[in-house]
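A short worksheet on the structure shown next.
Keep in mind the model is a prediction, meaning the values are calculated, not measured. Each chain gets a letter, A, B and so on, in the order the sequences are listed, and its residues count up from 1.
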Amino acid sequence: MTVYAEILLPLPLNRTFYYTVPPDLAPAAVVGARALVPFHRRRLTGIIIGLKDEEPTFDFDLKGIERILDEKPFFSVSYLAFTKAASRYYFSAWGELLLSALPASFIFESRTRVRRTERGAEYAASDSAGPREKDLLLFLGEKTYSSTYLKRTLKISGLVSIINRLEKKGCLEVLTEVGKVKRRRTAAPSPSSLQMEMDYSLDEGLLQSIRPIVDSLSAGGFQPYLLRGPAAEREGIYRVLIQEARRRNKNVLFLSPEIAATEPWREALEKKIGLTVVPFHSRMTEKERELSWRSIRRGEAPVVFGPRSALFAPLDNLGLIVVDEEADESYMQWENPVFDARRGAWIRGQVERIPVVYGAHVPTVETLALVEEEGRVISFGSGGVRPSVQVVSSRSRKEILARPLITAVRRFLEQGEHILIFVGKRGFASYLICSACGFVPRCPKCRISLTYHKGIRRLVCHYCNIQQPQPDRCPSCGKGDLRGRGAGTEVVEEELKRLFPGRTVERFDSDTAGTSGKQKTLIRHFERGKIDILVGTRLLAHQVNLAPVTFLAVLNPEVMLTLPDFQAGQRAFLYLSRLIRFLDGEKKSLYMIQSDFPELPVIDRFAAGDTETYLAGEREFRELMGYPPSGQMIELLLSGDTPRSVSAASRLVLSRLKAETEGVEVLGPSFVSRARIAGLHKVQFVLKAPDRQEIDTVLPGILEGISIRKKVIVHG
DNA sequence: AGCACGCCGACT
DNA sequence: GTCGGCGTGCTC
């Protein structure tokens, strides 16, 4: 009896393929196993997701599986279900998502390799060879290269047809061989060793408040929780929860934003509760990744620890997922496959029917709303010792640094203290601001700040593409003119050097701290007191291992609000909150904010330590505009290397959107100005709908057959 | 995603 | 006349 296998392949296609299972492979062919299959003119690693006795009805003969790569299922049924649900949620191809989570060494593919023959060498020396043929043949020399490598490196147009022609003439040999896929390594980790204070003493009250989570561990079933409170208490709770899960013989997946921060945690957990904690992140070497995968697959990992990529750790028998520092933006993966590990953890928890615990001192409104609706929010801690926060106005002043700020800097320097100054450097977007009243032009429809396009001298909305000519006078007060604003680190550095001659002022930004070596040096110098004032950007804000200071200042954080993004306000508030940890809680510390708009809710409420009012305001804004969590918002990006291909695809998408988008508001297309990769043309649509259902019914059809590069960013 | 097939402009 | 550009379509 012949058996037929349904196989998922690593292709951007929302479909599967069928193969026959040769009798000798039948025992090994199980759901979840990897299979090497012939596909068109190549060979690919796929995953068996179904087996049938009946032949699927096709009017062509099926090909047979060539090899089964695993004796036991490589993926469990629940892992398959989870990745399928995640791919549906993020509109990505299941096969592509599933196989991209896998270490490259587990994937086999055939590759075409090109080699020059003797005749090819002679031909290259002769006059009859064309210039491009010569280039290719000379480049090849005696070595063999893959055709994709040649395409990337040589940049000869029509390379494929040249190869074909030379092959026919007998000048080249084209070979195919099956081998492991080599994947490009991601950037080196930014190393830092966070010395985390682990306070394991949980008081009775705290134990009582997490009782529901412990009950959920026993009862099973999906149940989301949000722990709102200081890090020290959260850590204690996690430790208890991990132990409770282990007592029930369940495994734990623990997500934490920074790779650098995970290592000390891992060590502490291993030491203090005697558990094997397996690290899992994308910056491990291929070998390490492979080892982690194998040990997790063998069930040797009771706790897996890592950043967003650890969401896809192949753990079985899961009992609990923890997402710490829930508000951290690094949970979002912006490149394909686009996903948000926070939401991914939610989906995995639903599939596995287990509790998911989010933790944050200041949560995102998205998670807060979701958990309030379907789970439980547990708040604790008084908010900890808060430094005194002082806001100084810099409105309508020409000086880069406000007087009271300079005075404070001087005072702390005289006390022998070392100072951190954070610059909300612009450079994400160009924007205009009124020099007199501080008015920032916003889109009347989307309420996000308009982006200034210098070339056309127009203000453009990044979401809906509404355009306005650059006004001569401020439309709000009629007096001032609109100009760009926002001093960068360099300007601030210069100013400080001028004001405080004899003091050491250093800059920590992508220029001076571009490599981890440079970062380490700067940090070491600061720690050793060799730097009096360190001026940094968000790059510094993300460093976790600075010894606490007694004074820090943030310059004009309102520039963050000019980002053309509905999350700009939240991001600014979270940024300000994050910096608190640089301050010494033991001593009398000062946190100073210089702003043109001290009255802005984000700044004003932060200074007052009034997170609740800020969160309420943020939710009100989201609700008013239909942004998440009050509505669904999806960004659809199309990119290609010619303007023509992009505009053709964009027209097609637009006509489809117009034809069948009941209940979905469509904004755009607008051009993506900050196309990071040079020479790439990008267009963006924004889709808004009250809930996912509308979008789910419409979007797959719209994306069908769009052959250029596309990216779907699902918010909320 | 690859990779081949197939149809129109500038050149050995 | 061919070469070689890239649109279009298919892969079990």
Atom pair distance, as rounded to whole Å: CD1 in I706(A) and C1' in dG7(C):
14 Å

Tell me every residue that passes ring-ring contact (aromatic ring centres under 6.0 Å, His included) with F60(A), counting only those two or more places apart in sequence or in another chain.
F58(A)

For F82(A), which residues count as a ring-ring contact (aromatic ring centres under 6.0 Å, His included) partner, sequence neighbours excluded?
F312(A)

So which pairs with a foot in residues 690-704 of chain A pass salt bridge (Lys or Arg N to Asp or Glu O under 4.0 Å), sequence neighbours left out?
R692(A)-D696(A)

Are the side chain of N14(A) and the backbone of F91(A) linked by a donor-acceptor contact shorter than 3.5 Å?
no

N/O to N/O distances under 3.5 Å, protein versus nucleotides 9-11 of chain C:
residue	atom	partner	partner atom	Å
dT11(C)	O3'	H40(A)	N	3.2

Atom CD1 of I49(A) to atom C1' of dC12(C): distance rounded to whole Å?
13 Å

Sequence neighbours left out, what passes side chain to side chain contact (heavy atoms under 4.5 Å, CB included) with K63(A)? Give chain and number order.
Y19(A), P38(A)

For R43(A) and dC3(B), give me the distance from atom CZ to atom P, rounded to whole Å.
13 Å

Calculate the interatomic distance between E96(A) atom CD and dA1(B) atom C1'; express it in whole Å.
8 Å

Show each protein N/O and nucleotides 5-8 of chain B N/O combination with a separation under 3.5 Å, one pair to a line.
none

May I have the distance from L36(A) (atom CG) to dC12(C) (atom P), rounded to whole angstrom?
13 Å

Atom CG of L98(A) and atom P of dA1(B): how far apart are they, to the nearest Å?
18 Å

Partner residues of F685(A) under the ring-ring contact (aromatic ring centres under 6.0 Å, His included) criterion, sequence neighbours left out:
none

Salt bridge (Lys or Arg N to Asp or Glu O under 4.0 Å) pairs touching residues 342-351 of chain A, sequence neighbours excluded, are D340(A)-R342(A)

Sequence neighbours excluded, the answer for ring-ring contact (aromatic ring centres under 6.0 Å, His included) partners of Y89(A) is none

